[in-house]
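Structure first, commentary second.
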Amino acid sequence: MIRSPGKIISVTVLTFEALTQFGTATITTRNIGTLEASYSITFDCSKGISQMEAAKYECTAILKDSNFNKIDRATCQFVTTATVLVNGTEVVLDTGTRKDGMNGFFDAIRGIWKTIWGYFVDFFTGKSCRNKCSSFFDFSCHIQYICLGWILMFVVIILLWLLHKKGLFDPFYGTWWEDRFGSGRRKLGR
């Protein structure tokens, strides 16, 4: 099988905080052959990135062809900064002040309950779907994200329209229309 060779031009990793685990590598490659080709890249670090301490690391970017054969490699070095812990932890569920004792316990339970209740209300009112679905008539989106508020509103509108067609509301708006605009018949006086 004929393959087109490729080459790694550059590898860059910006400094990031060790505990975040979100470092980004920018790898620039070039097809140096004459055929169109597809490649894949793996990124291999000789030692794992420590979650707490600042350190210097050396990693290798490996370019592979469509059959996963190694065709080029390039090493890079980067640095992580130390993780600064706030109040003993980086994972913070509540942004409020920390309370000790029973008040802190009940505040935590209250916070969890408020969060669950908020999700529950957003689910039934459709607030969580308003950001996802583009319009009221995007039915596939409403079904996909189970937007109960909007689906229920659509069902109520259809139900009201069907009841109108059956004549259920005729006594109400029939007399209202006549009271406001008359019966539509002119009486001829003698």
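Scope of the values below: all heavy atoms of this structure, side chains included, with no hydrogens, waters or symmetry mates. The first residue of the sequence shown is numbered 1, and numbering continues consecutively from there.
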[atom1] of [X] to [atom2] of [Y]: how many Å apart, nearest 0.5 Å?
| X | Y | atom1 | atom2 | result |
| --- | --- | --- | --- | --- |
| E17 | T80 | CD | OG1 | 9.5 Å |
| I41 | R73 | CD1 | CZ | 13.0 Å |
| L63 | T42 | CG | OG1 | 9.0 Å |
| I157 | L162 | CD1 | CG | 12.0 Å |
| K56 | F78 | NZ | CZ | 11.5 Å |
| I71 | D65 | CD1 | CG | 5.5 Å |

### Message
Count I, L, V, M, F, W, Y as connected when their side-chain heavy atoms are under 4.5 Å apart, and connections chain through other members. Are L168 and V156 then in the same cluster?
### Response
yes
### Message
Using every non-hydrogen atom in the two residues, find where A74 and I8 come nearest and quote the distance to one decimal.
### Response
CB-CG2, 3.8 Å
### Task
Please report the closest heavy-atom contact between N31 and L35, naming both atoms and the distance.
ND2-O, 2.7 Å
### Task
Apply side-chain contact (heavy atoms from CB on, under 4.5 Å) to the pair Y39 and D72, showing each step before the final yes or no.
CA-CA 11 Å; Y39 305 102; D72 195 17; over 6 Å; no
### Summary
Sorted by chain and number, sequence neighbours left out, side-chain hydrogen bond (donor to acceptor under 3.5 Å, both in side chains) with T28 holds for S10
### Message
Checking F16 against T81 for the side-chain contact (heavy atoms from CB on, under 4.5 Å) test, could you report, in this order, the C-alpha distance in whole Å, the side-chain angles of both residues, the deciding distance, and whether it holds?
### Response
CA-CA 6 Å; F16 61 95; T81 59; over 6 Å; no
### Query
Which ILVMFWY residues are connected to I116, directly or by a chain of links, through side-chain heavy atoms under 4.5 Å apart?
I112
